[in-house]
Amino acid sequence: MTELRTLRNYIDGEFRDAADGGTTEVVNPVTGEPYARAPLSRQADVDAAMSAAAAAFPGWRDSTPAERQRALLRIADAVEARAGELIAVESENTGKPLALTASEEIPPMVDQIRFFAGAARMLEGRAAGEYMEGMTSIVRREPVGVCAQVAPWNYPMMMAVWKFAPALAAGNTVVFKPSDTTPASAVLLAEILGAVLPKGVFNLVCGDRDTGRLMVEHPVPAMASITGSVRAGIEVAGSAAKNLKRVHLELGGKAPVVVFDDLDSEAIAKAAEDIALAGFFNAGQDCTAATRVLVQESIHDEFTAALTKAAAGTRTGLPDEEDVLYGPLNNAAQLAQVSGFIERLPGHARIQTGGHRVGERGYFYAPTVVSGLRQDDEIIQREVFGPVITVQSFTDEDQAVEWANGVEYALASSVWTKNHGRAMRMSKRLDFGCVWINTHIPLVAEMPHGGFKNSGYGKDLSGYSFEDYTRIKHVMTSLDA
């Protein structure tokens with residue numbers, strides 16, 4: 001048997017095992033076999049990390065914006081320089097294709113860190129002014145303090161960046177927990193950050209759901225930030241309420257993709273290819289994935305045929321294979337969840353292509369298209385989080401809006417039309433944090449990412465994310481003193 005790699009926590013500038021020696025096995029989703037052991041952190045480990053972050057906070061808070069910018073720029077350079085190591089670790093962590101991890105994750109991560117390095121220089125309040133006779137008011141924008149951050153398993157490296165970069169740029173210190181199924185790349189990032197930052201500014205604890213709960217309920221952090229499921233978000237919000245912590249939640253999604261009948265055959269074919277790419281990328285394990293398609297009835301059959309063709313031409317496979325769009329699902333439980341949705345399909349549903357596991361080793365699932373669905377079907381209302389695209393037929397714009405908005409999630413959406421007025425009306429009426437028009441899934445560091453309703457609150461990326469990690473203080477001084 002191959003010896004398992006040992007992963008360790010990073011607390012107060014040093015790597016450590018869990019205080020009680022507890023570990024969990026980390027499984028490679030390509031093989032379904034364990035390849036590493038990670039700490040199973042408990043109260044003593046969380047206490048140590050929080051103490052380190054609290055002790056480091058005054059110094060990091062009082063560092064100048066320029067100093068924080070330089071540190072983040074050094075981190076970005078180091079991520080870029082060690083891209084090969086990060087890609088290899090992340091692929092083992094998740095089973096993702098090596099080529100796509102290199103092209104679609106490392107460059108955005110580096111860019112996002114550099115963006116927040118720039119944002120560090122913008123930590124300012126409004127200009128002074130006299131709003132009462134004899135008094136001058138100043139608004140200060142300050143870091144909130146220690147931040148407890150929990151990241152998901154679908155984009156372990158990139159979600160780590162989305163968490164730590166704005167928090168550190170604003171002058172906060174961090175205690176970070178990766179998912180228990182994908183801790184390896186976060187441990188490598190901790191090494192990279194630790195070589196740049198003062199000890200205690202960034203701390204990492206590995207563990208399970210109970211570890212995350214201990215972090216959120218701990219008295220030290222002023223803010224809890226999580227990207228994860230709706231269930232996890234509700235639990236975090238409830239735990240944080242016990243001592244009124246600020247909460248930042250990016251949760252599930254069920255993105256509607258609304259396709260109107262003003263598209264000609266060429267545009268239909270192009271839209272189907274683009275939507276398949278946006279639906280199956282990362283095995284559909286993306287809260288913004290284009291997995292819920294609504295097509296106007298007059299082009300329903302033509303579009304469904306084009307989408308089915310695009311899906312059938314999509315490949316899943318091993319990380320080093322060529323022309324593979326996505327790898328395995330992340331874990332055995334996720335494979336069971338996706339399979340369960342297909343097994344429970346109602347009689348009126350039709351599987352156009354896919355609908356089955358691929359191979360007997362690892363957690364691979366075929367690209368799947370399901371048509372004939374109704375608005376109240378389980379697979380329409382609940383997040384599958386797998387390579388499954390559903391298709392519904394709608395009659396007019398009003399019905400499209402009703403069905404698109406008729407789920408508990410409200411993270412992302414897209415509209416496909418050549419009619420500018422319709423695109424603008426739909427962008428107003430769709431109740432989602434992002435509306436793409438004639439595209440789906442592009443993200444840039446300058447624009448906010450975050451949803452409404454059960455998709456949570458708070459923004460990732462952009463200056464809005466940076467502001468989420470700050471607090472506002474009013475200072476009033478007498479001019480007569």
Side-chain angles (χ1 to χ4, degrees), residues 152 154 227-235 237 249-259 275 278-280 282-297 300 303-304 307 311 329 333-352 354-355 365 367-415 426 429-436 440-441 450-457:
N154 58 335
T227 298
S229 67
V230 174
R231 173 198 53 75
I234 291 171
E235 291 177 0
L249 303 174
E250 198 273 278
L251 308 177
K254 194 69 179 173
V257 180
V258 185
V259 183
I275 291 165
F280 296 132
N282 199 34
Q285 298 172 128
D286 190 313
C287 297
T288 64
T291 55
R292 183 168 62 104
V293 178
L294 296 91
V295 186
Q296 200 155 14
E297 57 187 0
H300 173 271
F303 179 87
T304 301
L307 181 63
L329 296 169
Q334 192 61 25
L335 176 62
Q337 174 171 305
V338 174
S339 300
F341 274 100
I342 300 302
E343 291 164 3
R344 295 189 301 271
L345 283 173
H348 54 263
R350 180 182 176 188
I351 299 175
Q352 298 285 340
Y365 202 85
T368 300
V369 175
V370 183
S371 65
L373 293 162
R374 300 170 185 167
Q375 183 66 12
D376 60 354
D377 287 336
E378 176 197 34
I379 200 169
I380 296 297
Q381 292 295 319
R382 291 183 55 204
E383 186 175 34
V384 178
F385 221 58
V388 178
I389 299 178
T390 62
V391 183
Q392 297 168 263
S393 176
F394 69 85
T395 54
D396 58 22
E397 193 173 307
D398 287 340
Q399 188 176 67
V401 170
E402 178 186 354
W403 286 358
N405 290 341
V407 296
E408 65 181 17
Y409 307 95
L411 181 59
S413 59
S414 64
V415 179
M426 290 294 292
R429 298 178 72 188
L430 287 171
D431 189 22
F432 293 84
C434 175
V435 181
W436 286 291
H440 194 107
I441 228 166
F452 314 136
K453 293 163 50 178
N454 277 16
S455 290
Y457 43 82

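In terms of modelled atom types and a separation under 3.5 Å, the side chain of K254 and the main chain of I379 share a donor-acceptor contact. E378 places no side-chain N or O within donor-acceptor distance of the main-chain N or O of L345, the cut-off being under 3.5 Å. Remark: side-chain polar atoms of Q337 are paired, donor with acceptor, to backbone N or O of V384 under 3.5 angstrom. In this structure, the side chain of T368 does not engage the main chain of G354 through any donor-acceptor pair within 3.5 Å. With hydrogens and angles disregarded, no donor-acceptor distance shorter than 3.5 Å links the side chain of S229 to the backbone of G252. The backbone N or O of N405 sits nowhere less than 3.5 Å from a side-chain atom of D431 that would complete a donor-acceptor pair. Within the 3.5 Å criterion, the main-chain N or O of F385 finds a donor-acceptor partner in the side chain of Q334.
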| Under the side chain to side chain contact (heavy atoms under 4.5 Å, CB included) criterion, do I342 and V370 qualify, and how do the steps go? | CA-CA 9 Å; I342 300 302; V370 183; 4.2 Å; yes
| request: Report the C-alpha distance between S393 and H300 in whole Å, list the side-chain angles of each, state the deciding distance to 0.1 Å, and finish with yes or no for side-chain hydrogen bond (donor to acceptor under 3.5 Å, both in side chains). | output: CA-CA 6 Å; S393 176; H300 173 271; 5.1 Å; no
| query | Would Q375 and E402 satisfy side chain to side chain contact (heavy atoms under 4.5 Å, CB included), going step by step from the backbone distance to the final call? | reply | CA-CA 10 Å; Q375 183 66 12; E402 178 186 354; over 6 Å; no
| Worked verdict on V401 versus M426 for side chain to side chain contact (heavy atoms under 4.5 Å, CB included) | CA-CA 7 Å; V401 170; M426 290 294 292; 3.5 Å; yes
| said: Under the criterion side chain to side chain contact (heavy atoms under 4.5 Å, CB included), I'd like the reasoning laid out for Y409 against L251: C-alpha separation, chi angles, the key distance, then a yes or no. | reply: CA-CA 9 Å; Y409 307 95; L251 308 177; over 6 Å; no
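When all heavy atoms are compared, the tightest approach of A404 to F432 is O-CZ, 3.2 Å. Scanning both residues, Y365 and P387, for their nearest heavy atoms gives O-CG, 3.8 Å. Contact detail for A311 and F280: the closest heavy-atom pair is CB-CE1, 3.6 Å. Across I441 and A289, no two heavy atoms sit closer than the pair CD1-CA, 4.4 Å.
Atom CG of N282 and atom CG of L329 lie 9.5 Å apart (nearest 0.5 Å). If you take CG on L411 and SG on C287, they are separated by 6.0 Å, rounding to the nearest 0.5 Å. Between F303 atom CZ and L294 atom CG the span is 10.5 Å, to the nearest 0.5 Å. The CH2 atom of W403 sits 12.5 Å away from the CG atom of D398 when rounded to the nearest 0.5 Å. Rounding to the nearest 0.5 angstrom, the gap separating the CG atom in D286 from the OG1 atom in T291 is 9.0 Å. Here the CZ-CD1 distance, from F341 to I380, works out to 10.5 Å after rounding to the nearest 0.5 Å.
Every residue two or more places apart in sequence or in another chain that forms a side chain to side chain donor-acceptor pair (under 3.5 Å) with T227 is listed here: K163. Listed by chain and residue number, nothing satisfies the side chain to side chain donor-acceptor pair (under 3.5 Å) test with Q296 (two or more places apart in sequence, or in another chain).
A side chain to side chain contact (heavy atoms under 4.5 Å, CB included) with Q392 is found for one member of R292, Q399, R374, E297 and no other, namely R292.
Using a 4.5 Å cut-off on side-chain heavy atoms (C-beta onward), V259 and I275 make contact.
Here R344 does not pair with D377 in a salt bridge; the nearest charged N to carboxylate O distance is not below 4.0 Å.
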